[in-house]
There are 2 protein chains.
Amino acid sequence: MKLLDIFGTLKKDMNVIERQLSHSIDSEHPLLNETSLHLLKAGGKRLRPAFVLLGGKYGTYDLDRLSNVAVALELIHMASLVHDDVIDDADTRRGQPTVKSKWDNRIAMYTGDYIYAKALMIVARLENPQIHQVLSKAMVQMSIGEMEQIRDFFNTGQSIRRYLLRIRRKTALLIAISCQLGGIAANAPKEITRELYRYGYNVGMAFQIRDDVLDLCGTEKQLGKPPGSDLRQGNITIPVLYALQDESRREPLLAEITRIHNANGETDVTTAVRMVRESQGIQEAELLADRYIQKAMHALSQLPAGRTQKHLQEIAKFVANRSH
Amino acid sequence: MKLLDIFGTLKKDMNVIERQLSHSIDSEHPLLNETSLHLLKAGGKRLRPAFVLLGGKYGTYDLDRLSNVAVALELIHMASLVHDDVIDDADTRRGQPTVKSKWDNRIAMYTGDYIYAKALMIVARLENPQIHQVLSKAMVQMSIGEMEQIRDFFNTGQSIRRYLLRIRRKTALLIAISCQLGGIAANAPKEITRELYRYGYNVGMAFQIRDDVLDLCGTEKQLGKPPGSDLRQGNITIPVLYALQDESRREPLLAEITRIHNANGETDVTTAVRMVRESQGIQEAELLADRYIQKAMHALSQLPAGRTQKHLQEIAKFVANRSH
């Protein structure tokens, strides 16, 4: 289910954005068209564009302006995914072959570079310096987050704080600025764009924690990739960190992760996945995600009541409970 | 010799930019600091910053503003080089190990992403929408150019036109906008920034053609990498395309290139290099580079006479004759 199905009111505008997304990646270069279209067609929830539009409801809602921001943010998200797949050595995403597996790493890298640049070109149409400042700052943090992820592969000694800082950069920031920039592009008051940012940040944190839980608890059909992919590639997520805090489970789980590391991930991970599932790790992670959702709801409560506030509440609930 | 040694007057300002470059890549992330500093220390001619400053001389020269543009453009150049090294599978550049050989491809990719984002952050300080528009448009073209390079590896059937279009995107555009954006950031009149662009574009074309000639004719010491690197990686440059037009040399050269291709470049390329050197290819390429320099000089002749015009002439001459 795409998020746009949750609320009918945005549907028309989301369809406009979907068409602009397809149009935006058009180039005279056939291979770039092919790789970018492949990425676009692989789908996604279009969460960031929806947040931009909803943020825009708090100011002068102008679809022409907002759609540029929405398209740019979805493109930046797509570009980060295609670079992420190079790092993760991922063969599938959302049940589709990745660019790096269908073509190669070099092509995935330049497809990402191309989509980043297209995003910047689209957002430059708005002629709003503040948007560039917010966006470029977030992109710096995102790339630091990606680098941290590499450094932390198979690092079972990392703190919870470090995990949280990493997902903040990797996921939460882009969602936060999607809400914020929707408001800014619509000239919403600063007090409002600040709460929009806060809402988005907390939803983004919950979103990523939920994602990390799903990778351990979901089925291959739900995930579009085999469960335990994070462990296989050495991405030590919060349910695992919590499970490692359990003295009775720590040593066997560590041994299993070391075994996976030594096999460079090319081994069965079901034992490790089962160990984490049997621990309190999943439940504790879900509790933490709930706390972030509560914080998001608190930020929302600072915003003017109305239909948009309600929609944002619905999305926060969706994020907390989603199974795909 | 760094270009700044050509003209004393810019030296002080170029030193400011050098310091800002070091400062700009600072981050709390130790590995990113290390890779970015490694790139920075590997040097380079700082051609793009020099062009920005000289372009700025045609308007209200404000080093604070111009240095942001100069640093951003040099960073974009550096980021494109580090991604280029991933594609080229290059082990050395300017006599130094590349990021991808010293660390790995994934780290090189994210170092590039980080430096791109930092460049955008720095240029966003200027709050000038036109600069973002020019820059992002060029970045789109640059990434298309990189993709074309992959597609054209070992493509001995490509036309001269196709080669020229590729180096336009790969090299000339960024140099063209360096000159142009210097003018724009200094609020120079439009007629002037247009000629600055034209000058930079033609110098950039000559620069890349000269680079391609040097790769065949230079020594390992001059180049900082073994000669014939382009042929080894399948980058078919204009001296080779010209040599292939010579009926008496075409077949043996094609056979030699096919042999290099089949060996994935892991073979001796001196025979192919010698074949091209013995053809008219080098001389014809140099003639074409000269024609671009003449066009650059013509653009310059449209600009107000004075010291800056003279400096730009000197750089054009340097580019045409450089041996490193």
Side-chain angles (χ1 to χ4, degrees), chain A residues 25 27-32 35 72 76 79-80 83-84 86-89 103-151 153 165 169, chain B residues 25 27-32 35 72 76 79-80 83-84 86-89 103-151 153 165 169:
Chain A
I25 48 162
S27 79
E28 64 261 60
H29 195 288
L31 179 54
L32 274 173
T35 54
I76 287 172
S80 79
H83 279 188
D84 210 26
V86 174
I87 302 305
D88 295 349
D89 213 10
W103 289 274
D104 66 28
N105 273 341
R106 304 176 311 169
I107 287 174
M109 186 178 74
Y110 279 129
T111 298
D113 286 1
Y114 169 73
I115 296 175
Y116 272 130
K118 275 277 179 175
L120 297 169
M121 213 175 119
I122 289 164
V123 92
R125 289 182 195 148
L126 264 77
E127 309 202 339
N128 181 332
Q130 198 193 349
I131 294 182
H132 284 286
Q133 286 162 353
V134 169
L135 193 61
S136 56
K137 219 171 128 186
M139 286 171 78
V140 168
Q141 291 299 319
M142 281 170 73
S143 63
I144 295 178
E146 298 284 7
M147 202 66 130
E148 276 169 346
Q149 183 165 330
I150 298 180
R151 195 179 47 166
F153 276 151
L165 187 59
R169 287 177 163 138
Chain B
I25 48 162
S27 79
E28 63 262 60
H29 195 288
L31 179 55
L32 274 173
T35 54
I76 287 171
S80 80
H83 278 188
D84 210 26
V86 174
I87 301 305
D88 295 349
D89 214 9
W103 289 275
D104 66 28
N105 273 340
R106 304 176 311 169
I107 288 174
M109 185 177 75
Y110 278 128
T111 298
D113 286 1
Y114 169 73
I115 296 174
Y116 273 130
K118 274 277 179 175
L120 297 169
M121 212 175 120
I122 289 165
V123 92
R125 289 183 195 146
L126 264 75
E127 309 202 340
N128 181 330
Q130 198 193 350
I131 294 182
H132 283 286
Q133 286 163 353
V134 170
L135 193 61
S136 56
K137 220 171 128 186
M139 286 172 78
V140 168
Q141 291 299 319
M142 281 171 73
S143 63
I144 295 178
E146 297 286 6
M147 201 65 130
E148 276 169 346
Q149 182 164 329
I150 298 180
R151 196 180 45 167
F153 276 151
L165 186 59
R169 287 177 164 137

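Basis for what follows: all heavy atoms, side chains included, without hydrogens, waters or symmetry-related copies. Convention: sequence-line order gives letters A, B, ...; per-chain numbering from 1.
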* Could you tell me which of Arg125(B), Gln130(B), Lys118(B), Arg151(B) has the largest number of non-hydrogen atom pairs under 4.5 Å with chain A? => Arg151(B)

* Structure fact -> Ranking His29(A), Gln133(A), Met139(A), Lys137(A) by heavy-atom pairs under 4.5 Å to chain B gives rank one to His29(A)

* To do: Enter the distance from Ile107(A):CD1 to Leu31(A):CG here, rounded to the nearest 0.5 Å.
  => 4.5 Å

* Which atoms of Glu148(B) approach chain A - backbone, side chain, both or neither, heavy atom under 4.5 Å -> both

* **CG-CD1 distance between Leu135(A) and Ile76(A), expressed to the nearest 0.5 angstrom** => 4.0 Å

* Structure fact -> Counting heavy-atom pairs under 4.5 Å with chain A, the top scorer among Gln141(B), Arg169(B), Met142(B) is Arg169(B)

* To do: Would you give the length of the straight line joining atom CG of Asn128(B) to atom CD of Glu127(A), rounded to the nearest 0.5 angstrom?
  => 9.0 Å

* Indicate the atoms forming the closest heavy-atom contact of Tyr110(A) with Ser80(B), along with that distance. => OH-O, 4.4 Å

